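This report refers to the structure that appears directly beneath it.
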Amino acid sequence: MATRVIIIGIVLLWILSMSWLVAHDVVPAWTARQVPKFVAVDLLKEETLYSQARIENKYGHRLGTVWSQHRRTTVGLTRMDVIWLDKFPMAPVLRIEINSDFTKEGDLDTFELRVYGAGEKVELVGERFSGHLAFELKAGTRKIHRLKVDAASVGTVADVFRPFPNLPAVEVGQSWRMHVVNPLAAVTGIGTKLIPMLVKVTHKESIVTDDGPVECFVLDTGQARAWVDDEGVVLRQEMNLPIGGQLSIVAEKFNQQELDEALSVELDSGG
């Protein structure tokens, strides 16, 4: 039982510590704006409708894969993320499935995250209600934590292992506030549940990708960095996690067969 609790705690910390970002009020000292958001028309490009990235440790060893798919709906957009983790130290094979619904303006409306393979049902569910977004974290039959934020201050929610989603209209000098959920504090009740960060678009530089060198905008928070091309596609991300050390998320070609295989694996959802 103790081992299961430790694993679930690690999973929650790893899954959520960099998983969703909440845009915050602009600080007068900064010329910060809301986080750039995709709306339906922006997502009609193949490279942003379907994307895939490999998850690597600091040594370049592959730990898993993350897939993202967007679908246009009558009321906005739906984002579906699947994260497959089969080589993460001290953890079983895991699959995390996330569904996020956004309005036509690109604002979060509902959010559902479920973990398969942890031995216990783990989920984070959020929805817009009475001007707020209410989130509830559950493990098994226990409601571990509830969080409510002002819906007007929410810019976007990124999927697991992608602190930065695809970002349109990025430019040097741009900055915005965000908060990162600290699940360890949510589980234990100790510490800050929301960690504030300031994102700065600092400069442009060329990086080597699977398709060759690409000139990118560089985003920096101190804890995380990202490289974004002119189309708003995040080609690489690097972050430091409390557990798991430094991780890199590197864009690669979308492979539907690999996604189907990951979804077909039977993993315990905890009932």
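All values derive from a computational prediction rather than experimental measurement.
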(request) For residues E97 and L263, report the shortest heavy-atom separation together with the two atoms involved. (result) OE2-CD2, 3.6 Å
(request) Evaluate the side-chain proximity of V218 to R225: yes if any heavy-atom separation is below 4.5 Å, no if none is. (result) yes
(message) Could you report the tightest heavy-atom contact between L198 and S175, atom names first, then the distance?
(response) CD1-CB, 4.3 Å
(message) For residues F102 and V75: do they belong to one hydrophobic cluster (side chain heavy atoms under 4.5 Å, members Ile, Leu, Val, Met, Phe, Trp, Tyr)?
(response) no
(request) Evaluate the side-chain proximity of Q174 to V199: yes if any heavy-atom separation is below 4.5 Å, no if none is. (result) no
(request) Provide the full list of ring pair (Phe, Tyr, Trp, His ring centres under 6.0 Å) pairs with a residue in residues 39-59, sequence neighbours left out, each pair given once. (result) Y50-F254
(request) Output the distance between atom CD (E252) and atom CZ (R62), rounded to the nearest 0.5 Å. (result) 4.0 Å
(message) Looking at every heavy atom in both L167 and V234, which two are closest together, and how far apart are they?
(response) N-CG2, 4.5 Å
(request) Give, for atom CG of D81 and atom CH2 of W67, the distance between the pair rounded to the nearest 0.5 Å. (result) 11.5 Å
(message) Holding to salt bridge (Lys or Arg N to Asp or Glu O under 4.0 Å), I want the full list of residues that pass it with D229, two or more places apart in sequence or in another chain.
(response) none
(message) On a heavy-atom basis, which atom in L77 and which in R72 lie closest, and how many Å separate them?
(response) CD2-CA, 3.8 Å
(request) Check step by step if side chain to side chain contact (heavy atoms under 4.5 Å, CB included) holds for V82 and R95. (result) CA-CA 7 Å; V82 176; R95 184 177 67 241; 4.0 Å; yes
(request) Using the side chain to side chain contact (heavy atoms under 4.5 Å, CB included) rule, take V233 and S51 through it: C-alpha gap first, then chi angles, then the decisive distance, then the call. (result) CA-CA 9 Å; V233 178; S51 60; over 6 Å; no
(request) Report yes or no: do V250 and V66 belong to one cluster of Ile/Leu/Val/Met/Phe/Trp/Tyr joined by side chain heavy-atom distances under 4.5 Å? (result) no
(request) Rounded to the nearest 0.5 Å, what's the gap from CD on Q69 to CG on L49? Could you check? (result) 9.5 Å
(request) Any chance you could measure D220, atom CG, to K200, atom NZ, to the nearest 0.5 Å? (result) 8.0 Å
(message) Measuring only between side-chain heavy atoms, which start at C-beta, is K87 closer than 4.5 Å to N57?
(response) no
(message) Taking the side chain as everything from C-beta on, heavy atoms only, tell me whether T73 gets closer than 4.5 Å to D101.
(response) no
(message) Ignoring hydrogens, what is the shortest heavy-atom contact between S68 and R79? Give both atom names and the distance.
(response) OG-NH2, 3.3 Å
(request) Flag the pair K253 / D211 as yes when at least one side-chain heavy-atom distance between them is below 4.5 Å, and no otherwise. (result) yes
(request) Decide yes or no for E215 and D230: does some side-chain heavy atom of the first lie under 4.5 Å from some side-chain heavy atom of the second? (result) no
(request) Determine the sole option in Q237, R54, R236 for which the side-chain contact (heavy atoms from CB on, under 4.5 Å) test with S248 is passed. (result) R236
(message) Taking side-chain contact (heavy atoms from CB on, under 4.5 Å) as the criterion, tell me which of L94, T65, I55 meets it with I83.
(response) I55
(message) If you compare all heavy atoms of F111 against all heavy atoms of S100, which two are closest, and at what distance to 0.1 Å?
(response) CD1-OG, 3.3 Å
(request) Would you kindly confirm whether M80 and L113 end up in one hydrophobic cluster when ILVMFWY residues are joined by side chain heavy atoms under 4.5 Å apart? (result) no
(message) I'd like to know if the side chain of E205 pairs up with that of W227 as donor and acceptor (distance under 3.5 Å, no hydrogens or angles considered).
(response) yes
(message) Is any side-chain heavy atom of L247 closer than 4.5 Å to one of E238?
(response) no
(message) Let's go through E261 and N255 carefully: what are the C-alpha distance in whole Å and the side-chain angles of both, what is the deciding distance for side chain to side chain contact (heavy atoms under 4.5 Å, CB included) to 0.1 Å, and is it a yes or a no?
(response) CA-CA 10 Å; E261 290 174 355; N255 190 313; over 6 Å; no
(request) Answer yes or no: is there a side-chain heavy-atom contact under 4.5 Å between W84 and V93? (result) yes
